[in-house]
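Below is one structure, written out as structure tokens; the observations come after it.
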Amino acid sequence: MSTGFSSSSCRFADYFVTCGLDTESGLEPDELSALCQYIQATKFRDVARGKLAGAKEGENFEQSPLRRTFKSKVLAHYPDNVEWNPFDQDAVGMLCMPKGLSFRTQTDIRKPQFHSFIITREDGSRTYGFALTFFEEVTSKQICSAMQTLYHMHNAEQYDILHTPPTPRSAEDTRSTPQQLLAAPSLSRLQRFNSYDISRDTLYVSKCICLITPMAFAHACRRVLEQLHQAVTSPQPPPMPLESYVYNVLYEVPLPPAGRSLKFSGVYGPVVCQRPSTAELPLFDFPLQEVFELLGVENVLQLFTCALLEIQILLYSQHYQRLMTVAESITALMFPFQWQHVYVPILPASLLHFLDAPVPYLMGLHSNGQDDRTKLELPQEANLCFVDIDNHFIELPEDLPQFPNKLEFIQEISEVLLAFGISSEAKPQCSEGQSKLRVFRSGDMASDKRNGNLAGSPLNSYLLRENQTIARLQALVKRTGVSLEKLDVKEDTSTHKDSKVQCDEEELKKYQLNIHVREVFANRFTQMFSDYEVFVIQPSQDKESWFSNRDQMQNFDKASFLSDQPEPYLPFLSRFLETQMFASFIDSKILCHDDEDKEHTLRVFDSRVDKIRMLNVRTPTLRTSMYQKCTNIDEAEKAIEMRLCKIDHTALHPHLLDMKIGQGRYEPGFFPRLQSDVLSTGPTSNKWAKRSAPAQWRRKDRQKQHTEHLDNDQREKYIQEARNLGTTLRQPKLSNLSPSVIAQTNWKFVEGLLKECRNKTKRMLVEKMGREAVELGHGEVSITGVEENTLIASLCDLLERIWSHGLQVKQGKSALWSHLLHYQESKEKRDATPAGLVPPGIIHDTERRKSDAGCAMPPLKVSMIQDMRHIQNISEIKTDVGKARAWVRLSMEKKLLSRHLKQLLSDHELTKKLYKRYAFLRCDDEKEQFLYHLLSFNAVDYFCFTNVFTTIMIPYHVVIIPSKKLGGSMFTANPWVCVSGELAETGVLQVPKNTLEITFECQNLGKLTTVQMGHDNSGLYAKWLVECVIVRNGITGHTYKFPCGRWLGKGVDDGSLERILVGELVTNTETDDRMCRTPPMQQSPGMMRRFVTISPNSKPKLNTGQIQEGVGEAINSIVKHFHKPEKERGSLTLLLCGEYGLVWALEQVFQHGFKSPRLFKNVFIWDFLEKAQVCFESTEQSQMTQDENWQMRVRHFCHFMRAINSTPRNIGKDGKFQMLVCLGARDHLLHHWIALLAECPITAQMYEDMALLKDHSLVNSLIRVLQTLQEFNITLEASLVKGIGI
């Protein structure tokens, strides 16, 4: 449905095909599918005898001959070839009878089965097939005796089994053994094996008739085929030879033009089909009702979400038609987006190896109805959505975000379904006992409706009281104040429409329900993306160069779009904007400037968006999460009814063909071989175009239709080439599956994976480097935390897909974690020699205190196994997929991802054991390039582990380094520290004074910001000069250095017993050990100024110019901090209190021109401020005439001074000054205080005449600079203002 169908075709059907048993070539085992069945059968059973030899020829002796698969052949197809749709014999043969031929006897059920299929061509265009499979009696004596012979061989094989004593089996075993499926269990074992006797039984074989069509008119095709089959099985022969009807449908029935309906004749009755106009949703002719009845609304919505996020989807059912219906429905509901990846709704048995395709896919797998889900061994499950259609059960990948407004959406869909009398939960189709969902015991709703049991309030019916989803919805609706009592069940349509409508009531109901549901789904996207055009980035260059640089170009302003969205939408939308379907949608928007140019889906979508914008009174950019229901269902429904009431076109009636006498006869019960001479060519001129088409339908109309499809195909091809992601393999080649073809397919996958890896790493780096990257001319400005998470999640998904490609041994659902576990196991076996018992990362006392402060803590040992153990110890992560993702995040944060994976893959023996030869991980060049791309992540700092696992316990290691000159060897007091980070702080921790280090475990603190440290002033020598404190995170290895360089003790320095230290992440200097030589993003802090105040004169003197520059720089850094997007902001504490921060800059201002006191007596800025405070207070009391403003500022200043002086903390004079500056910055008072102090008489006494504070012009410029902080909302870290109640 979603892509352009084959252009140039104006005929309803391109081919008529028959498939079945070729009596001339006899019984040929279908090797590949037999081998698959054999492997499935033997995998769970210990086959004692070597029967593999038989299986190698495709003869699986575990299966009784009637249950084996034999090759089917395309027996005939008419015409031979059509230029616009070349006949693909292999594909048609495989998809008409995906499991090959099947045999039955007269005791088996032999009902005809209808199914449809799809063939996707290289360019993405599609052809549809509709097949009816039925059983015919085998008349060939050779085939019957061959079957008898196979049974004799089979029974001989089973003879020894009969003579071995039967072992008791569990019930489940009995059910799943193929031999025991052959007949009722009451028969003796011998009879069960001997279930075909040529003298007693009639043998039947499957045969298939099929129409290949350019568009999916499923209902019409089904009627045509069923009437043809009925013609050969009914006792009376049909009115005309079958050739007449086949000829008619191939050559005389046109495709209905857009917006028209068409009626033509089958063998026994008229067939009607209708096609939507160009302003309506595209053609879709599969019953959505069936999908909702099979899966239930909630499951359909989850499956829909998976498809939108391009997660691998595997559908599983024993009915081919169900696979096709679910696949087509989900892709149709995506309008206006189109599935861009592998799409194989029916995967033939011989293509099972395709399940390890490492790309997003939507595939349907036929189940034999015996094996349950647990028996299915799938190569890839980390990111798989598994849908067991027959058991109404869906298995979702982890971390699936919710579709926006999910509950209201479910509510709206449920209302539509209820109006048609359909339950919104899955209902069992047949007596499947193991249905995973709760079974409904509701009567048939339709009959209830007719009997009037579903009266005014359908929501009070028993069915709904039983239904949890609706119960939740009712609660929700009560809150929103909408009454559900008014919900009408649609009245029976038959009463007043039968007279007019040209199709049966069932079909009309199907059309109505389909359009209702599709409009509700389409409305969600028109609401969500109503202003998407604003964010499309139009290319500045011409189309050609745009195509050639397509990979590097951003085509949509994601960051701005997301910033407009309601918060709850972000997890879904940020992932959806990264998909290929969204990118292709935007590409086609860029390619089509005017309406004429636009692809059908885009034109329809844009016209709807325009309508919404007209209706929306509110500004389009203002987003709310208000749910808006669909309003245009009625007009869509009317259009369909109009077409069905007044048929626009009637095709020619079937007529007798020019056949020789005696041709066209056939035996009743057998579908004949038709006369190819009359069917191979159509009429010489398109008579029907002239004869039956009304005047409106002219050649121009038809040409436009052609060019429209041609353009679509061209554009689709263009877009695909432009994206050229290598993953555009839409469908495996359904041809001779030689090893070379398989190898070639896998080679395409390997190339695609590599390309995807290159694009992903590039995109992540560009996003991460943020503004710098933008200045260099790459991409968009910034991403939110949500978006970074999205990118990392998609990297994890890519790694899982790479690790699943060509996998042969796996434990658990994650291929990557499985490989890691295998590696861990083999490594632990090798390392089983007893070693030292000291766990890595804990330092021996002797190793510590090398000469340099930075070396006080040797770096953590790089160990992949140790990182795995950290992840295994996190109790919050329960699943393998979760563990693999956490391990990837940790490795990225430690800048070890590439190195770890290289180490993992260096064990070639293990890789050989786990992977097939064609696997990506065994392609050496590609593997090297892949690791090289991952290496580029080392250029940026990720905190993707620390920021995500916020509640886990992490070991921290703290070392205090006293000054080497005045070492604390005589120090007698008891030190303590308190470490704070962005997420939490530790509280006070006592540090042993002999070792001065401590290891403790606490909940993740996030990035570390400050350390408070001090001592209790006990003992004889309680003075301590501390160089710095070093703290390391024991899991991520991040090491932070907190410089100090000050004394702690009474009567020394500023008399402080505790200090607040501000730290920074120390970047790892040992580049030799790491593989990345890229310079770090932040430079580590230079030599910290040392306030070892022996005499004030020893401090470096700065001139007024340098001081002004210092203040300007400090303020500038704070301004820049607030202009960065939130996720890129560093620590504000660092900018206030760190090296060259605001506190330091103002310290320079106050120290400039400070009069030097007597020798050996230190005067601190705080002493000056205290004197100023006393002065202000006395001035206030003496009631000197000052304006209101001045008094207000004085009051504030004195209030803050008093509060800081009365704090119970021993923070010393410099600590108090720091606190005052921080509080002043927070409350935007600093510039007022500078003005006050410059005017204060105390300043005149304590400062020399050349001091900065006495220079009016300098003070004014300083005030102006400080005023720029007013527009920012500064939040201080708790550790900076502890103990202050302002």
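All residue numbers refer to positions in the sequence shown, counting from 1.
In this structure, the separation between CG on Leu1008 and CD on Glu982 is 9.0 Å, given to the nearest 0.5 Å. Put simply, CG on Leu1276 and CG on Leu1132 are 7.5 Å apart, with the number rounded to the nearest 0.5 Å. Separation of atoms CG (Asn1033) and CD1 (Ile954) is listed at 4.5 Å; rounding is to 0.5 Å. We find the NZ-NE2 distance between Lys913 and His819 to be 9.5 Å, quoted to the nearest 0.5 Å. In this structure, Gln312 CD and Cys306 SG are separated by 11.0 Å, a value rounded to the nearest 0.5 Å. For the atom pair CD1 of Ile394 and NE2 of His392, the computed distance is 13.5 Å after rounding to the nearest 0.5 Å.
Side-chain atoms of Ser826 come within 3.5 Å of backbone atoms of Tyr823 as a donor-acceptor pair (strictly under, hydrogens ignored). In this structure a side-chain-to-backbone donor-acceptor pair under 3.5 Å is missing from Asn405 to Glu408. The backbone N or O of Asn1004 sits nowhere less than 3.5 Å from a side-chain atom of Tyr956 that would complete a donor-acceptor pair. The closest donor-acceptor contact from the side chain of Ser804 to the backbone of Ala815 lies at 3.5 Å or more, if one exists at all. Panel note: side chain Ser818, backbone Ser814; no donor-acceptor pair is recorded below 3.5 Å. Side-chain atoms of Thr1039 do not come within 3.5 Å of backbone N or O of Arg1032 as any donor-acceptor pair. A donor-acceptor pair is defined here as one N or O able to donate and one able to accept, closer than 3.5 Å; no such pair exists between the side chain of Ser936 and the backbone of Tyr932. At least one donor-acceptor pair under 3.5 Å links the side chain of Asn873 to the backbone N or O of Arg869. The backbone N or O of Ile1035 sits less than 3.5 Å from a side-chain atom of Lys894, completing a donor-acceptor pair. Remark: side-chain polar atoms of Glu893 are paired, donor with acceptor, to backbone N or O of Cys944 under 3.5 angstrom.
Of all non-hydrogen atoms in Pro404 and Phe572, the two that sit nearest each other are CD-CD2, 3.5 Å. Across Ala886 and Phe949, no two heavy atoms sit closer than the pair CB-CZ, 3.5 Å. Taking both residues in full, the closest heavy atoms of Gln824 and Ile865 are given as CA-CD1, 3.6 Å, listed atom of the first, atom of the second, then distance. When all heavy atoms of Met864 and Trp887 are compared, the closest pair comes out as CG-CZ2, 3.8 Å. Scanning both residues, Leu1061 and Phe1042, for their nearest heavy atoms gives O-CD2, 3.6 Å. The two residues Pro360 and His341 come nearest to each other via the heavy atoms O-CB, 3.1 Å.
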- prompt: Yes or no on side chain to side chain contact (heavy atoms under 4.5 Å, CB included) for Leu384 and Tyr361, after CA distance, side-chain angles and deciding distance?
  reply: CA-CA 10 Å; Leu384 178 74; Tyr361 58 65; 3.8 Å; yes
- request: Show your working on side chain to side chain contact (heavy atoms under 4.5 Å, CB included) between Thr879 and Lys813 and close with a plain yes or no.
  value: CA-CA 8 Å; Thr879 62; Lys813 282 199 173 180; over 6 Å; no
- request: Report the C-alpha separation of Leu362 and Leu315 in whole Å, then their side-chain angles, then the decisive distance to 0.1 Å, and conclude whether the side chain to side chain contact (heavy atoms under 4.5 Å, CB included) test is met.
  value: CA-CA 8 Å; Leu362 201 168; Leu315 308 173; 3.9 Å; yes
task: Assess whether side chain to side chain contact (heavy atoms under 4.5 Å, CB included) is satisfied between Leu308 and Thr579, documenting all intermediate values.
output: CA-CA 8 Å; Leu308 289 170; Thr579 57; over 6 Å; no
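Residues Gln565 and Leu570 form a side-chain contact, since some pair of their non-hydrogen atoms from C-beta on lies under 4.5 Å apart. The shortest side-chain heavy-atom distance between Thr305 and Gln402 does not fall under the 4.5 Å cut-off. Put simply, the side chain of Val958 reaches to within 4.5 Å of the side chain of Phe1000, judged on heavy atoms. At least one side-chain heavy atom of Ile311 sits less than 4.5 Å from a side-chain heavy atom of Arg575. When side chains are defined from C-beta on, Phe945 counts as touching Ile871, because their heavy atoms get closer than 4.5 Å. In this structure the side chain of Phe937 reaches within 4.5 angstrom of the side chain of Leu795, judged on heavy atoms. The closest side-chain heavy-atom distance from Thr1036 to Leu890 is below 4.5 Å. Considering only heavy atoms from C-beta on, Leu905 comes within 4.5 Å of Leu921 through its side chain.
Applying the side-chain contact (heavy atoms from CB on, under 4.5 Å) criterion to Lys916, with sequence neighbours excluded, gives Asp356, Gln808, Tyr918. In this view, Glu985 and Lys1282 satisfy the salt bridge (Lys or Arg N to Asp or Glu O under 4.0 Å) rule, not counting sequence neighbours. Residues that satisfy the side-chain contact (heavy atoms from CB on, under 4.5 Å) test with Val991, not counting sequence neighbours, are Ile960, Pro975, Val977, Ile998.
Among pairs with a residue in residues 814-826, those fulfilling salt bridge (charged side-chain N to carboxylate O under 4.0 Å, His left out) read Glu825-Lys829, at least two apart in sequence or across chains. Pairs passing the salt bridge (charged side-chain N to carboxylate O under 4.0 Å, His left out) check and including a residue from residues 303-313, sequence neighbours excluded, do not occur. The salt bridge (charged side-chain N to carboxylate O under 4.0 Å, His left out) contacts involving residues 876-892 comprise Asp399-Arg885, where partners must be two or more places apart or lie in separate chains.
Ring planes of Phe920 and Phe930: perpendicular class, angle over 60° (limits at 30 and 60°).
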